[in-house]
Amino acid sequence: MRTGGCQCGRLRCESAGEPLALHVCHCRECQKQSASAFGMSLTVPRSSFSLTAGEPNVWSRPTDNGGRSEAAFCPACGSRVWRQASATSETLNVKAGSLDKLIDLASAVHIWVSRKLRGVVIPEGLEQHPREPPAG
Ligand SMILES: [Zn+2]
Ligand SMILES: [Zn+2]
């Protein structure tokens with residue numbers, strides 16, 4: 001069981017089972033949303049995920065492929081905790097820095113490395129893509 005939550009602790013959530021993917025994304029949207037160098041997303045099945053405390057605010061934006069991206073964040077401290085295409089999508093992306101147990105990036109897949117900040121070094125041998133990874 002993975003547990004996590006926002007910076008102030010009002011929002012708490014948990015997910016069980018094997019995550020589907022771990023991405024480090026260097027795109028501009030992730031730099032903006034994290035106000036930092038990159039975003040870290042742990043993709044989990046929605047069926048394995050539950051909100052155990054608090055109620056998030058949601059901010060939504062259009063995506064390049066014509067869909068939406070909804071970001072759930074704490075109304076008190078503002079931390080983003082997860083992102084989803086919609087409230088009914090089959091998977092959601094937990095912001096990996098919100099997890100209580102420190103995330104291990106040693107096997108993360110790096111995407112949008114064409115936007116990577118100078119000075120950020122990706123360990124040799126890790127899968128990486130200049131933009132989105134190929135579908136499938
Ligand atoms: Zn909070
Ligand atoms: Zn991104």
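One-based numbering, in listed order, for ligands and for the atoms of each.
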Could you grab the protein N, O or S atoms closer than 2.8 Å to the Zn ion (ligand 1) for me?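 Those protein N, O or S atoms (cut-off: under 2.8 Å from the Zn ion (ligand 1)) are Cys6 SG, Cys8 SG, Cys74 SG, Cys77 SG.
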Heavy-atom closest contact (Thr63 atom, Arg68 atom, distance):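 So the minimum-distance heavy-atom pair works out to CG2-C, 3.8 Å.
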Please determine which of Leu22, Val109, Asn93, Val94 meets the side-chain contact (heavy atoms from CB on, under 4.5 Å) test together with Ser41.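 Among Leu22, Val109, Asn93, Val94, the one that satisfies the side-chain contact (heavy atoms from CB on, under 4.5 Å) with Ser41 is Asn93.
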Answer whether the closest heavy-atom distance between the side chains of Pro56 and Leu51 falls below 4.5 Å.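 Yes, close enough: below the 4.5 Å cut-off.
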Should the heavy atoms of other residues, nucleotides or ligands under 6.0 Å from CG of Leu117 be counted, would the total exceed 12?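 Yes - once you tally the heavy atoms of other residues, nucleotides and ligands closer than 6.0 Å, there are more than 12.
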More than 12 heavy atoms from other groups under 6.0 Å of CZ on Arg131: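 Counting neighbours around CZ of Arg131, 12 or fewer heavy atoms of other residues, nucleotides or ligands fall under 6.0 Å, so no.
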Contacts of type side chain to side chain donor-acceptor pair (under 3.5 Å), residue Arg115, not counting sequence neighbours: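 With neighbours one apart ignored, the set is empty.
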Please report, to 10°, the angle around the Zn ion (ligand 2) from atom SG (Cys27) across to atom SG (Cys25).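 Rounding to the nearest 10 degrees gives 110°.
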Using the rule side-chain hydrogen bond (donor to acceptor under 3.5 Å, both in side chains), only one of Glu70, Arg46, Gln84 pairs with Ser89; which is it?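 Filter result, single survivor: Arg46.
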N, O or S of His26 under 2.8 Å from the Zn ion (ligand 2):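 No, His26 does not qualify, because none of its backbone or side-chain N, O or S atoms lies under 2.8 Å.
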